[in-house]
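Read through the structure below, which is laid out as structure tokens, and then see the notes.
Everything numeric in this text was worked out from a predicted model, so none of it was measured. In what follows, residues are counted from 1 in the order of the sequence shown.
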Amino acid sequence: MHQYTVAVVGASGYAGSEMIRLMAAHPAFRVCTVTGRGSAGRQLGEFSSNLPNSLASLQIQPTDPKVLAGHDLVVLALPHGASGPLAEQLDPQSLLVDLGADHRLEDPVDWQDYYGGHFFSPWTYGMPELLTAKGVRQRELLKHARRIAGPGCNVTAVTLAFQPALAAGLVQADDLVADLAVAYSGAGRSSSRMDLLAAEAINSAHPYSVGGTHRHIPEILQNLRKAEAANPDPGGDHQPIRLGLTPILVPMSRGILAVVSARLNARGRALGAEGIRAVWEKIYAKEPFVDLLPQGRLPSTADVYGSNLAQVQVLADERADRLYAFAAIDNLTRGTAGQALQAVNLALGLPEETGLTTIGVAP
């Protein structure tokens with residue numbers, strides 16, 4: 001198999017480190033350059049001691065376009081606002097994948113409302129399973145892409161849980177509610193907030209970015225509108241999609257459990273529980289990294305720890321007249337680096353599953 005040279009920018013952070021971990025087991029990639037800002041001059045193993053010595057011994061270089069030149073693939077694992085300016089200086093022939101937010105949003109107004117600063121043009125969105133208009137899934141658009149925007153981790157969980165409901169027109173779209181239990185690694189390695197210290201976090205669950213302020217909201221809505229456009233029979237009672245999102249930090253290192261619900265509409269009620277489940281079965285039947293669990297079994301973050309699998313489940317609560325969908329993912333693998341690797345495989349014409357596992361670590 002052909003070997004591609006890889007540079008990882010922001011290698012000492014959680015997302016960059018996870019990308020390196022996965023690429024170490026990938027037959028087509030050789031990570032030969034790692035860069036950082038405050039970590040430059042130190043060895044990668046000081047931050048990621050889980051890596052084999054061949055990678056841990058790499059010296060972190062300054063993030064400079066000259067250092068990144070000549071690589072087949074450059075991974076940008078940077079905070080929002082940092083990858084956009086850097087990407088404009090990089091080799092147009094290199095394949096770039098941005099694990100941050102700078103190239104995800106399509107609407108400049110959304111960017112200004114939730115992030116602010118310069119708006120960068122969107123890249124090809126890196127969620128292969130995303131439903132889009134006319135039944136085309138996003139993986140078709142990723143084939144031969146040269147610029148890939150990795151989705152947000154919370155976005156991934158909510159989208160995979162609930163996009164079938166919009167694609168089949170089963171719910172009142174203006175009544176979506178998503179509650180997420182989120183691991184602390186989602187805040188990043190460099191965070192200095194007091195409530196992210198171990199002494200503050202253990203034995204505590206803590207909501208954050210509530211009241212419609214979480215920056216992943218416009219990206220979730222962007223995805224769900226695309227899924228809604230995949231509905232071949234939208235009907236006449238179209239409503240704008242509205243979402244109430246409440247993320248809750250819980251004391252675990254990795255993982256997201258998303259619980260998403262909405263009021264059933266007439267079509268959803270008519271289908272009933274078995275018909276609703278059949279929608280999810282049809283949509284995810286051939287997806288290698290989405291597992292619709294057997295009836296009666298609910299997703300668990302422990303079961304997907306370290307894997308690229310998303311466990312999903314769906315059920316109808318007839319007493320409450322609501323549809324509930326669940327998704328469990330590892331936020332660093334399926335929610336970030338693993339999903340990006342899926343997209344990179346597609347862009348390079350490799351089998352989508354290369355270098356990735358659906359088997360979690362237990363216990």
Side-chain angles (χ1 to χ4, degrees), residues 127 129-138 154-181 210-212 214 216-248 256-287 289-300 310-329:
M127 185 184 294
E129 302 89 351
L130 179 65
L131 305 174
T132 66
K134 299 180 181 179
V136 176
R137 303 203 185 195
Q138 187 67 15
N154 297 310
V155 180
T156 299
V158 174
T159 301
L160 294 178
F162 217 70
Q163 64 170 347
L166 280 301
L170 305 179
V171 297
Q172 295 184 18
D174 62 348
D175 183 45
L176 273 61
V177 175
D179 298 314
L180 281 70
V210 299
H214 197 287
H216 284 173
I217 289 175
E219 188 184 345
I220 294 170
L221 293 175
Q222 179 175 284
N223 286 356
L224 295 182
R225 283 193 290 266
K226 290 181 184 295
E228 187 178 51
N231 185 358
D233 181 22
D237 58 345
H238 179 267
Q239 302 156 321
I241 301 174
R242 291 193 177 94
L243 172 69
L245 178 72
T246 303
I248 304 167
I256 296 173
L257 177 65
V259 182
V260 193
S261 73
R263 188 174 295 278
L264 289 161
N265 61 17
R267 180 180 294 174
R269 294 187 200 100
L271 272 184
E274 292 301 319
I276 290 170
R277 181 175 175 82
V279 170
W280 267 252
E281 289 175 341
K282 181 179 180 180
I283 287 174
Y284 290 134
K286 297 181 180 180
E287 290 295 347
F289 294 111
V290 182
D291 191 358
L292 177 63
L293 297 178
Q295 288 180 319
R297 182 180 160 199
L298 293 173
S300 169
Q311 287 187 344
V312 300
Q313 185 58 282
V314 61
L315 58 88
D317 184 340
E318 295 181 357
R319 291 186 179 89
D321 197 30
R322 296 188 73 80
L323 185 150
Y324 284 86
F326 306 81
I329 64 170

In Å, rounded to the nearest 0.5 Å, how long is the span from CD1 of I241 to CD of E228? 4.0 Å

Once rounded to the nearest 0.5 Å, what's the spacing between atom NE2 of H214 and atom CG of L243? 11.0 Å

Atom pair CG (N223) and OG1 (T159), whose distance is rounded to the nearest 0.5 Å: 4.0 Å

Atom pair CG/CG of L257 and L180 - distance to nearest 0.5 Å: 8.0 Å

Whether Q311 side chain and S300 backbone form a donor-acceptor pair below 3.5 Å: yes

Side chain to side chain contact (heavy atoms under 4.5 Å, CB included) filter on V290, not counting sequence neighbours, yields E129, L160, Y284, E287, V312, R334

Spacing of E318 atom CD and L264 atom CG [to the nearest 0.5 Å]: 8.5 Å

For residues M127 and V155, report the shortest heavy-atom separation together with the two atoms involved. CE-O, 4.4 Å

Roughly how far, to the nearest 0.5 Å, is the CG atom of N231 from the CG atom of L166? 9.0 Å

Residues which pass side chain to side chain contact (heavy atoms under 4.5 Å, CB included) with A168, listed by chain and number, not counting sequence neighbours: L170, V279

I want to check something: taking the side chain as every heavy atom from C-beta on, are T156 and H216 in contact at a cut-off of under 4.5 Å? no

Under 4.5 Å between any side-chain heavy atoms of L298 and L293, yes or no? no

Qualifying side chain to side chain donor-acceptor pair (under 3.5 Å) pairs with a residue from residues 166-177, counting only residues at least two apart or across chains: D175-R322

Search all heavy atoms of A178 against all heavy atoms of V158 and return the closest pair with its distance. CB-CG2, 4.2 Å

Partners passing side chain to side chain contact (heavy atoms under 4.5 Å, CB included) against R319 (at least two apart in sequence or in another chain): D317

Looking at side-chain heavy atoms only, is the closest gap between L131 and R137 below 4.5 Å? yes

Can you list every pair that meets side chain to side chain donor-acceptor pair (under 3.5 Å) and has a residue in residues 266-278, with sequence neighbours left out? D233-R267, R269-D321, E274-Q295, R277-E281, R277-Q313

Smallest separation among heavy atoms of A325 and A161, with atom names: CB-O, 3.2 Å

Is there a donor-acceptor pair under 3.5 Å between the side chain of W280 and the backbone N or O of F162? no

Heavy atoms of A167 and P232 approach each other most closely as O-CD, 4.2 Å

So, for A157 and A258, which heavy atoms are closest and what is the spacing to 0.1 Å? CB-CB, 3.8 Å

Atom of N265, atom of G169 and distance for their closest heavy-atom approach: ND2-O, 3.0 Å

